[in-house]
Amino acid sequence: MNRQVVSARARLLLAQGLVIGALLSSGQALPAQPAGGAAKGWSLSADGGRDAAALLAGLALGAGTAAALLLRSRSRRERLVLATMRRDGPSALLSRFALEHDLEHQAAGLDAPGDAPVALLVTVHCRCLGRQRLLVEPTTTIAAILTVLQQDLGAALPPGWAWSGYRAGDDALALRVGLGPDNPLLDPARCRSWLEQVRAIAAGVCARFLAGTRQDDDIRIVAQYLRGGESPQAWLRLQTFGEALADEHPRALHLLGPDDRQRLEADDAIQRELLGLGPEDLELRFQPILLLASPGQIGLELLMRFRPPGLAGLGTEAVFQRAMAMGIAHRIDALLLERLAGVRQARQALGPLASRIDYISVNISSASVATPQRLAELIALLRAHRVDASLFCLELTETAATDLVKEERSLVSTSQRLKNELDFRLFIDDFGSGLSNYRRVSEAWYDAIKLDLGLVRGIGRSFRLQRFVGSLIATVHQLGKTVVAEGVETHRDLAAMLRLGADAIQGYLVAKPMPWEALPDFLRDSPWASPSGVAQLQAELRAADRDLALADPEASGHGPGTASVPLERYILDNWSTLRSFEEFVLLFVQELRAWGLEVLRLSLAFLPDKDDIDCSQYVWLRTRPGEVKTMQMQRDFLETEEHRSSPLHFLATRNRILRLRLAAGADPPFPFLRELQAEGGSDYLGLRLDSRGISIPVLSVCLAGSSRFSEQQVERIEAMSSLLSLLFHAYESERSKRLALLDALTQLPNRRRYDSQLQAALVAAATARSPLALALIDIDRFKAVNDTMGHAYGDTCLIQVAHLLAQHFQRENDLVARLGGEEFGVIFSHTDASQAARICEQVREAVAAAGIHHPSALCDHRLTISIGLAVWCPQDSPHGDADALQQLADDCLYAAKRQGRNRLVTRQLGVA
């Protein structure tokens, strides 16, 4: 074999090696060697050695080349991926990833710590973009608005500034501004001024696209100086912390400084304490619950405190909120369950006193039942720790107890799953603290409802709340469940809850949460834990609820009726039937007389505060026992000497209570009291009641003969008079609400009522898939009426036109309103275009035929109207927008004016 042949064979093998090397580097299988290769001339001669060397060289070179190509391809793909990740797809702005990458690059070049900032990081959080859903143009997106915002901010920056803009969130834009040695932003005061300009630009951009965004909290600015020696993670962590501060403490502008960094460090320390919690870090407290059906028996609610200093200072509720945000609240529940075995042993150690504790309730956070997996973990923990279902019961929030979870092929509530699996007694905790789903509550599996503190505190003074809570307790009892009143802190609230039928009482009035070591003393010594003490309390309350024979409210002087209830309960039961305020005053007097008191005079005055223009006074006199005199006095009466020297003025401006005995020979300090003394007055009581923002109510009662007030009677009078004040507030609030929705001149609904009705009509139309029509009506050339005939005549014309409109729009679902000036609006619900147009034409013709004089010959000396009618049909155009419908009606109105006035123009929304 000659050298040429060998060389050719070597080159061939080298090529084969390259191919094989490429295949090896790409991970593909080598082709199989032919069988019997040696027999076909593959001998190991000298030439064969050179051939083998060539083959090996080819293999090495091919593998290296292929690997290089692969690395190059992979690097190119990575660059393409990185380039894609640096852009936010919807907006084409730089992304949050790009911000993090650029901050890492900047931090890498600033290894040495430095005092001088090198950049400013700003987050512009446009909260209005997340809240506002009705865009002027349906095609406008949040991404497009943020793009425009970046463009406007870039145009406002000085040309020499180095900056970059990023989309930092759904409705947030971030700016990274380089700070050279002479940059004015290095001065914090000038920096804040510039940030205010940024906020103004952002507010202007949002207002350009959205409606109703000019509010102080619509745009939030959070900024910080970036310095050397800090990591990009620390920068981003502080920025996120600042955004959280902006939510907790709403301000338009937050320039973060050293104090915020210290707060962040403290916040991180709290987070570390939370993550490192163990069972021994929980401090247990127990609050007694009086079981009224079994005097002397108590329940206990187990409450947690945290031993680590940071968590202890934060407070239990705030710790749980923080744990919920971190997603670890269920771990705290798990730690608590570990402690229950010790609680059970401590109860057994009480000996005979242990039988007085009926149950111990344990709060379970919503995080522990948030998902089917978490619920299964909770059930497993309860089983693993052998939690005694005969002693411990579980408290769940209303939402957590009624949420539905999957169980095989069906859906069951969380409470039902716990009942089915473990048979624990379940309490719905904090009932009434949020929006209740009464359907789910009525069908939930539970044993008791614990009324939220907000439904219990102050209930003794709130008769409306008593009415509501009373009906709720009655309903729960009808379902065979019990009610625990949580948050009882005064004897008045206690009396109210006992009267309303609560089954158990819990609150600071009974006992504050205590360590287990204090429970034996409570069970032995506290009157609240004494069977005879609780029974005596209930007996005294029943004795205080004397029967009261009420006269017929409609005819004073008639004999007593058959109904016998305390006055407060009578008023609650007959709230809707007692219409006049004088009627309540008569009932009040009858109550005092039923106590055996001889009443000479009773007055309830409502003196004006800074907003009122007059005062009202209702007076009952012994000389006219069947009537109440109502007096209305102008505000100037308050400046007269007669009033300023009266007990009413003294009570309204100085002391809340005035109590004087009008004994014979005594010299009362007020001329009016001397008059009452001369008429036989013996004891005077004046009270300034709680004001509810409308006026200052003052009650005064004067007794005659030998009658005197006791302290208990004074307290009861104060409670009943507060009810009268509440009623007056309700009457005045209803009257003010009606007036606030009426136009004072025409007595038609005003713009406020019109806007509210339009939004409701849009929702109803979309739900029912029925047409909705909107008409805007304008009096033609009305300026000439005011300029020529005067505004008094113009007002008369407006009243006449309003009367004609009201006559023609009398259907139940129609609304005609005065929008301002000479413009009126009409909303037609469930009305298609032809129906609405027919009615509008009838109205237009009626106004023209009324012959109301117009001074202009252009109008043929008669008043006419132009009408723009817009119709929305959900079947044809699914997108219904109040602003778009209003704009279309307005366009139709101006088209009617351009076409000569005194005519109707109609268009349909969404139809060209």
Side-chain angles (χ1 to χ4, degrees), residues 734-761 772-831 835-856 858-871 882 885-886 889-890 892-894 896-897 901-906:
E734 292 173 2
R735 183 177 68 88
S736 300
K737 184 177 179 180
R738 287 195 300 271
L739 292 177
L741 297 176
L742 286 179
D743 174 62
L745 178 65
T746 63
Q747 295 302 300
L748 291 176
N750 59 13
R751 182 60 183 259
R752 180 180 177 186
R753 170 75 187 282
Y754 168 87
D755 289 340
S756 176
Q757 183 82 4
L758 179 57
Q759 292 292 343
L772 173 68
L774 174 65
L776 294 182
I777 301 173
D778 194 80
I779 300 177
D780 295 329
R781 306 186 190 279
F782 190 73
K783 185 176 184 300
V785 174
N786 282 331
D787 292 346
T788 305
M789 309 295 293
H791 286 276
Y793 178 79
D795 288 347
T796 302
C797 293
L798 289 172
I799 294 171
Q800 290 177 288
V801 171
H803 180 68
L804 289 169
L805 296 180
Q807 282 182 327
H808 283 79
F809 301 116
Q810 293 185 347
R811 298 187 310 170
E812 181 179 356
N813 292 324
D814 292 347
L815 176 78
V816 55
R818 184 188 178 196
L819 305 185
E822 67 273 21
E823 187 176 12
F824 300 85
V826 185
I827 301 171
F828 302 86
S829 296
H830 311 295
T831 307
Q835 290 175 302
R838 183 172 61 254
I839 299 172
C840 287
E841 277 292 347
Q842 292 173 356
V843 172
R844 185 190 62 78
E845 293 170 0
V847 172
I852 303 172
H853 177 69
H854 193 289
S856 175
L858 295 174
C859 296
D860 199 20
H861 295 293
R862 59 174 182 166
L863 205 69
T864 59
I865 59 174
S866 297
I867 306 176
L869 177 63
V871 182
L885 191 64
Q886 183 89 5
D890 198 57
C892 292
L893 176 61
Y894 278 95
K897 290 181 174 293
R901 295 182 172 83
N902 189 22
R903 65 190 67 242
L904 167 70
V905 173
T906 305

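Sequential numbering from 1 along the given sequence is applied to the chain's residues.
Distance check: Gln807 CD to Leu804 CG gives 5.5 Å after rounding to the nearest 0.5 Å. To the nearest 0.5 Å, atoms CD (Gln886) and CG (Leu819) are separated by 7.0 Å. With values rounded to the nearest 0.5 angstrom, Ile779 atom CD1 is found 10.5 Å from Glu823 atom CD. Atom CZ of Arg781 and atom CG of Asp787 lie 13.0 Å apart (nearest 0.5 Å). How far CG of Leu798 is from CZ of Phe824: 5.0 Å, rounded to the nearest 0.5 Å. In this structure, the separation between NE2 on His853 and OH on Tyr793 is 5.5 Å, given to the nearest 0.5 Å.
Taking every heavy atom of both residues into account, Ala837 and Leu904 meet most closely at O-CD2, 3.7 Å. The heavy-atom pair separating Leu863 from Cys797 by the smallest distance is CD2-CB, 4.1 Å. In terms of heavy atoms, Gly868 sits closest to Cys892 at CA-CB, 3.6 Å. Nearest heavy atoms, Ala773 versus Leu869: CB-CD1, 4.1 Å. Closest heavy-atom contact between Ala806 and Val816: CA-CG1, 4.4 Å. Taking each heavy atom of Thr831 and Ser829 in turn, the nearest pair found is OG1-O, 2.8 Å.
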| message | Quick one, Glu841 with Arg844, criterion salt bridge (Lys or Arg N to Asp or Glu O under 4.0 Å). Give me CA distance, side-chain angles, the key distance, then yes/no. | response | CA-CA 5 Å; Glu841 277 292 347; Arg844 185 190 62 78; 2.9 Å; yes

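Side-chain atoms of Thr796 come within 3.5 Å of backbone atoms of Ala792 as a donor-acceptor pair (strictly under, hydrogens ignored). Judged by distance alone, with hydrogens and angles left aside, the side-chain atoms of Asn750 form a donor-acceptor pair with the main-chain N or O of Arg753 at under 3.5 Å. The backbone N or O of Arg901 sits less than 3.5 Å from a side-chain atom of Arg903, completing a donor-acceptor pair. The closest donor-acceptor contact from the side chain of His808 to the backbone of Val843 lies at 3.5 Å or more, if one exists at all.
Put simply, the side chain of Leu772 reaches to within 4.5 Å of the side chain of Leu885, judged on heavy atoms. Using a 4.5 Å heavy-atom threshold, the side chains of Ile852 and Arg862 count as separate. Contact annotation: the side chain of Tyr754 approaches that of Leu774 to within less than 4.5 Å [non-hydrogen atoms, C-beta and beyond]. Side-chain contact between Val826 and Ile777 is present, with at least one heavy-atom pair separated by less than 4.5 Å.
Ser866 and Asp780 form a side-chain donor-acceptor contact under 3.5 Å, judged by distance and modelled atom types alone.
Here salt bridge (charged side-chain N to carboxylate O under 4.0 Å, His left out) pairs that include residues 793-805, with residues two or more places apart or in two chains, number zero.
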